[in-house]
Structures are given as structure tokens and as C-alpha cells.
Amino acid sequence: MRARLVTVFFAGFALGLVFLAVLLRQTGMLRTSKASAAPAASLESQEPREQPQRPDTHRASRSTRPLDPPAEVPHAATETPTDRRLAERRLIIPVRGVQAEQLREDFNEIRGGHRHEAIDIMAPRGTPVLAADEGAVVKLFLSKPGGLTVYQFDGSQTYCYYYAHLDSYAPGLKEGALLQKGDVLGYVGSTGNASPNAPHLHFAIFQLGPEQHWWQGTPIDPYGFLARSQGR
Ligand SMILES: [Zn+2]
């Protein structure tokens, strides 16, 4: 009888552990984000997206985004507080001379087996690439798919802006440099896996995690934030 009680006790304990693990996983406590740092696809090759120096491999999930509180403005019903804060930053289109009408929504396109999670802005090689927002250059990184890339944080270190396939950096560009909105940070090119016949800027935005790692974040579709901007 006693042995049986002990067995039942331990079985219950083990069941509790399993339940706790499932609960943690479902509430997202075990989930971390992963920045989709790199371009791919029709314009770019079939190479897997670059994942520079990641200390973990958990995938980001849009479902971790907070739900929107009831909104008074009808169109805001699908916006999150994050979206609103980003909208308030009034990003500019990060390629000189490109107008909002020229932008294409390709964030959700599947490229080489994964979601693009960025916007490709077509422009002739050598067109100046502009800082979409004010903020410091955090990393200059040469990656196989992305080629010459720039990672920039906004001033509040909430968002990371990622610029890829640059032909070259602006002269003197350094990590730590504070860019003003509209500053030239480089030039459109096709470094990395972009087709040489289709130079473009691959531009991505990530909401940074608490650790503020430049390589980690939750991807945000830049299209809506750029489409309301005036081109420069
Ligand atoms: Zn791209």
C-alpha cells in the first residue's frame, strides 16, 4: 500500500513537470526572437537566410506581438502600440529618389523556403542609401547572402534597421556613428546573393528583444511605414 502511494506521488510529480514545461512553452516564455538578417530569393539566391553569430536558434513569431487595445480610430484597429511608436518615427524611404508609389509589398513572399521579412527597393547601382531614421550604426557586417550590410538602432534602441546588398559604404562610415534621418550610409548594389542585374536595397526592420542584440529581433513589415513617407 505504501509503495503504491509513493508510486502515485511520483507519477503525479512527473506529470506536473510535463504540464509546467508545456505551459511555459505555450506562454512564450521559452520563445525568443530571431532576426531575419538576410535577403534571399527571386532577386536573391536560394541560400538560406543568414543568421549571423546567433547564440540561439529559436524562431521569432508574430503571435508574440501584443494585442491592440480598443482603438478610437477605425484604421488603427489592426495596429499594435509598437506599430504606432514606429509610425511616429516617420521613417523616410531609404533610397534617394524613390517614391512611395514605387514600393512593392514583398514582406510575406516566400524566398528560398522562408518568408522574405523585408522590402526590396529597386534602384540603379550607386544610388545613395539613406538612413531611414535617426540612430547609431551598431554593426557593419559582411555576410554571404546580405553582402555589405549596415545595422542601425533607433535612438530608443527599440528597433533595428537593416540595409543589405550595398555596393559600398559611405566614406568614413563607422560603427558607433550617429546618423541623422536622410544621411547617406552607402550605395545601392548587389553584393551578397542579389542578382547583378537587379541591384536593390534589401531593407528590414526588427523590434529588438530585451538583450538588444543586433542579430535578434521580431521582423516588422516596413512597407506601411515607408509608404506613408515622402521620398527624398
Ligand atoms: Zn530582399
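Whatever order the structure lists ligands and atoms in, that order sets their numbers, starting from 1. Everything numeric here is computed off the predicted structure, so don't read it as measured data.
- Distances from the Zn ion (ligand 1) show that His202 has an N/O/S atom below 2.8 Å.
- With 2.8 Å as the limit, His200 does not count as an N, O or S neighbour of the Zn ion (ligand 1).
- Exactly one of Val137, Val129, Val150 qualifies for a side-chain contact (heavy atoms from CB on, under 4.5 Å) with Tyr169. That residue is Val150.
- At a threshold of 2.8 Å, the Zn ion (ligand 1) has a backbone or side-chain N, O or S atom of Asp120 nearer than that distance.
- Per residue His116, closest N, O or S atom to the Zn ion (ligand 1): atom name NE2.
- Phe141 and Trp214 have their aromatic ring centers within a separation under 6.0 angstrom.
- With hydrogens and angles disregarded, no donor-acceptor distance shorter than 3.5 Å links the side chain of Gln157 to the backbone of Gln212.
- A salt bridge between Asp154 and Arg85 is absent, with no side-chain N of the basic residue lying under 4.0 Å from a carboxylate O of the acidic one.
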